[in-house]
> 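Mind looking over this structure? Questions follow.
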Amino acid sequence: MSVMQAINPATGDVIATYPVHTKGEVGQKLDNAARAFRDWSRTAIDDRAALLVKLAGVLEANKETYARLMTMEMGKPIKEARAEVDKCAWACRYYAENGPGFLADDIVKTEAHKAFVAFRPLGVVLAVMPWNFPFWQVLRFAIPSLLAGNTAVLKHASNVPGCALAIEEALREAGLPDGAFHTLMIPSGMVGDVIEHGAVRAVTLTGSNAAGRAIAAKAGACLKKSVLELGGSDPFVVLEDADLDKAAEAGAASRLFNTGQACIAAKRFIVIDSIAKRFEEKLAERLLARKMGDPMDDSVALGSLARADLRDELHDQVARSLKSGARNVLGGQIPKDAGAFYPATILDGVEKGMAAFDEELFGPVASIIRAKDEAEALAIANDSPFGLGAAVFTEDKTRGERIAKEGLEAGVCFVNDFVKSDPRLPFGGIKESGYGRELGIFGIREFTNVKTVVVA
Ligand code: NAP
């Protein structure tokens with residue numbers, strides 16, 4: 001029997017072992033989800049919304065258990081894990097309150113007796129999810145999709161199987177009917193067969209570009225809808241009129257949040273020459289002030305990376321960047337102690353052609369790129385295959401708004417703050433960061449049939 005292991009990356013200890021589902025078991029769960037769809041899609045939307053309010057309660061009641069589970073399986077600081085559970089509960093209540101309105105029939109004036117747009121559920125949606133926010137990534141998809149009347153199957157990342165099962169259990173405890181949400185304990189090699197299965201109507205992936213290409217190709221071959229939330233190498237532009245303390249504080253928070261493993265973390269700090277040295281000093285001060293260590297310790301801000309191989313990959317990217325001419329200002333060494341730890345690191349003098357510019361650095365490594373003026377800073381910011389988030393710092397709010405709206409090629413742009421997801425606001429990327437949107441009104445409509453009804 002094939003198994004999946006959860007390993008604590010901070011210690012290297014095996015936490016638990018889970019059997020992998022066989023093809024037969026997967027088929028059964030997909031059939032169940034298709035059967036459950038028939039009833040679930042016909043329940044009143046207000047009843048589905050009430051279930052989300054219950055789910056918020058279940059999440060809050062079990063916050064400590066879920067937070068510890070996340071921290072054990074993927075090494076994030078426990079304080080951030082607790083905040084992640086709170087954010088999921090917020091999203092439940094937000095959609096319970098606003099989702100029915102987002103999906104209400106939209107009357108369109110035509111010459112007919114009546115014309116309207118209805119938002120109807122699609123069926124079973126497959127979600128392929130990453131480990132970095134093990135609860136939030138799953139729930140930000142599941143909450144609106146279930147509310148819209150879909151049922152769902154989850155293939156979670158192989159290193160967070162305990163979280164995957166805990167989410168399934170939380171939904172059951174909140175009263176979700178049998179079959180409406182299943183966790184599939186499968187390796188990525190089995191995802192193609194699931195996409196192909198007749199019960200599955202659509203697929204959403206949050207993950208790397210490589211996974212995005214594979215899943216989009218399969219969904220395309222099967223002519224099934226897909227939404228892709230992929231990687232990013234977000235620019236964080238600091239202009240000459242920025243408040244440097246504010247920018248350094250936000251930059252440090254953004255780069256170290258989730259131990260640097262966030263798709264929307266500031267990754268390329270593009271700073272105007274005249275203030276670059278001062279900004280770098282302030283950033284270094286703030287990065288150093290954040291304690292690295294046992295992620296279960298409340299005072300720790302920098303936990304372990306999620307897997308030892310990911311830590312080694314990050315270090316290799318740092319080493320290759322240094323070899324091509326980047327300058328190591330802070331960190332950059334693998335600690336001798338056990339665990340997949342990596343220190344807060346700053347690389348200066350980063351340029352196109354270096355790994356720290358061209359690739360996504362998924363860990364606490366800040367790349368500093370210098371620019372002579374605004375035009376050059378924006379050209380550097382947009383010179384990337386990615387287009388997920390972007391931030392710009394300037395004390396001139398009108399200038400900031402113009403740059404955010406017209407100058408930066410990204411799905412989410414923040415002025416004078418770092419990029420964050422928020423249940424009320426659409427979230428997603430352009431270019432190789434993917435397509436489609438999650439959250440807000442756009443997110444809940446992604447997995448619906450936008451149906452035109454005309455009554456002559
Ligand atoms: P990953 O390796 O792509 O894994 C994500 C999920 O896809 C996992 O469930 C994984 O399963 C599965 N998978 C991997 N390769 C696959 C394939 N060829 N076919 C089908 N499924 C496949 O990504 P990760 O390392 O977990 O997550 C980090 C990446 O996600 C980063 O690039 C980050 O920027 C991105 N991300 C994006 C967003 C966003 O909203 N845009 C949010 C968070 C993270 P296994 O675990 O079994 O391999």
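Order of listing sets the numbers, starting from 1, for every ligand and every atom in it. Residues take their numbers from the sequence shown, with the count starting at 1.
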> With a cut-off of 4.0 Å, which atoms of ligand 1 are near a heavy atom of A214?
18 (N)
> Quick check on contacts: which atoms of ligand 1 are under 4.0 angstrom from a heavy atom of F427?
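Near F427, the atoms of ligand 1 are 40 (O).
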> With atoms numbered from 1 as shown, which atoms in ligand 1 lie under 4.0 angstrom from a non-hydrogen atom of H156?
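Once the distances to H156 are compared, the set is 9 (O).
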> Does F133 reach ligand 1, in the sense of a heavy atom lying below 4.0 Å from it?
no
> Which residue supplies the protein heavy atom nearest to atom 44 (C) of ligand 1, what is that atom called, and how far is it?
N132 ND2, 3.3 Å
> May I ask which of S188, P187, G207 has a heavy atom nearer to atom 17 (C) of ligand 1 than the others do?
S188
> To check your reading of the model: name the closest protein heavy atom to atom 10 (C) of ligand 1, its residue, and the distance in Å.
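Heavy-atom neighbour on the protein nearest atom 10 (C) of ligand 1: K155 CE, 4.2 Å.
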> Any side-chain heavy-atom pair from L59 and L139 closer than 4.5 angstrom?
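L59 reaches L139 side chain to side chain.
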> Would you indicate which of L230, I195, V191 comes nearest to atom 37 (C) of ligand 1 when only heavy atoms are counted?
L230
> Take E173 and N62 through the test side-chain contact (heavy atoms from CB on, under 4.5 Å) and record every step on the way to the result.
CA-CA 11 Å; E173 207 180 316; N62 295 288; 4.2 Å; yes
> Answer yes or no for atom 24 (P) of ligand 1: protein heavy atom present at a distance under 4.0 Å?
yes
> Determine, using ring centers only, whether F269 and F393 are less than 6.0 Å apart.
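Judged by ring-centre distance (under 6.0 Å), F393 and F269 do not meet the cut-off.
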> Of the protein's non-hydrogen atoms, which lies at the shortest distance from atom 34 (O) of ligand 1, and what is that distance?
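Minimum-distance protein heavy atom for atom 34 (O) of ligand 1 reads E360 OE2, 2.6 Å.
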> At a 4.0 Å threshold, what atoms of ligand 1 neighbour a non-hydrogen atom of F362?
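That gives atoms 28 (C), 31 (C), 33 (C), 34 (O) of ligand 1.
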> State, to 0.1 Å, how close H315 and G332 come at their nearest heavy-atom pair, and which atoms those are.
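In this case the closest contact between H315 and G332 is CE1-O, 3.1 Å.
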> Give the minimum heavy-atom separation between M185 and P161, together with the two atoms involved.
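Nearest heavy atoms, M185 then P161: CE-CB, 3.5 Å.
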> Does E168 come within less than 4.0 Å of R172, counting only side-chain N to carboxylate O?
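So E168 pairs with R172 through a salt bridge.
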> Can you confirm whether T345 sits close enough to Q333 that some side-chain heavy atom of one is under 4.5 Å from a side-chain heavy atom of the other?
no
> Which of the atoms in ligand 1, numbered in the order shown and given with their element, are less than 4.0 Å from a heavy-atom of L205?
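Heavy-atom distances to L205 below 4.0 Å select 7 (O).
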> Is the closest basic N to carboxylate O distance between E359 and R268 below 4.0 Å?
no
> Where on Q261 is there a heavy atom closer than 4.0 Å to ligand 1, on the side chain, on the backbone, on both, or on neither?
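Neither; nothing of Q261 gets under 4.0 Å from ligand 1.
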> Among all protein heavy atoms in this structure, tell me which lies nearest to atom 36 (N) of ligand 1, with the distance rounded to 0.1 Å.
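Nearest neighbour among protein heavy atoms for atom 36 (N) of ligand 1, to 0.1 Å: C263 CB, 3.5 Å.
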> Starting from atom 46 (O) of ligand 1, locate the nearest protein heavy atom and write down its residue, its atom name and how far away it is, to 0.1 Å.
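Nearest protein contact, heavy atoms only, for atom 46 (O) of ligand 1 is S158 N, 2.9 Å.
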> With a 4.0 Å heavy-atom cut-off (strictly under), which part of L388 contacts ligand 1: side chain, backbone, both or neither?
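The answer is the side chain.
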> Is E80 paired with K87 through a side-chain N to carboxylate O contact shorter than 4.0 Å?
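No, this pair does not count.
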> Is it the side chain (CB and beyond), the backbone, both or neither of N159 that lies under 4.0 Å from ligand 1, heavy atoms counted?
neither
> Between I215 and ligand 1, which residue portion shows a heavy-atom distance shorter than 4.0 Å: side chain, backbone, both, or neither?
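The answer is the side chain.
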> Identify, for atom 40 (O) of ligand 1, the protein heavy atom at the shortest distance, and state residue, atom and that distance.
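Answer, as residue, atom name and distance: R140 NH2, 2.7 Å.
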> Using a 4.0 Å cut-off to any heavy atom of M129, which atoms of ligand 1 qualify?
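Near M129, meaning under 4.0 Å from one of its heavy atoms, ligand 1 has 6 (C), 8 (C), 9 (O).
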> Which protein heavy atom lies closest to atom 15 (N) of ligand 1, and at what distance to 0.1 Å?
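Here the closest protein heavy atom is A211 CB, 3.5 Å.
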> Taking both backbone and side-chain atoms of W131, is any N or O found less than 3.5 Å from an N or O belonging to ligand 1?
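Indeed, backbone or side chain, W131 has an N or O that close.
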> Note the single closest protein heavy atom to atom 2 (O) of ligand 1, along with its residue, its atom name and the distance in Å.
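Result for atom 2 (O) of ligand 1: S208 OG, 3.9 Å.
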> Between the side chains of R437 and E446, is the shortest nitrogen-to-carboxylate-oxygen separation below 4.0 Å, so that they form an ion pair?
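Answer for the salt bridge query: no.
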> Give a yes/no verdict on whether any heavy atom in I186 is under 4.0 Å from an atom of ligand 1.
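No heavy atom of I186 comes that close to ligand 1.
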> Evaluate the salt bridge (Lys or Arg N to Asp or Glu O under 4.0 Å) criterion for residues R320 and D316: first the C-alpha distance (whole Å), next the side-chain angles of each, then the deciding distance (0.1 Å), finally the verdict.
CA-CA 6 Å; R320 282 190 283 121; D316 177 64; 3.0 Å; yes
> State plainly whether the residues D86 and R82 are in salt-bridge range, i.e. N to O under 4.0 Å.
no
> If only side-chain N and O atoms count, and only distance matters, is there a donor-acceptor pair under 3.5 Å linking T259 with Y342?
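Result is no, nothing qualifies.
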> I want to check something: taking the side chain as every heavy atom from C-beta on, are L314 and F362 in contact at a cut-off of under 4.5 Å?
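A side-chain contact under 4.5 Å is absent here.
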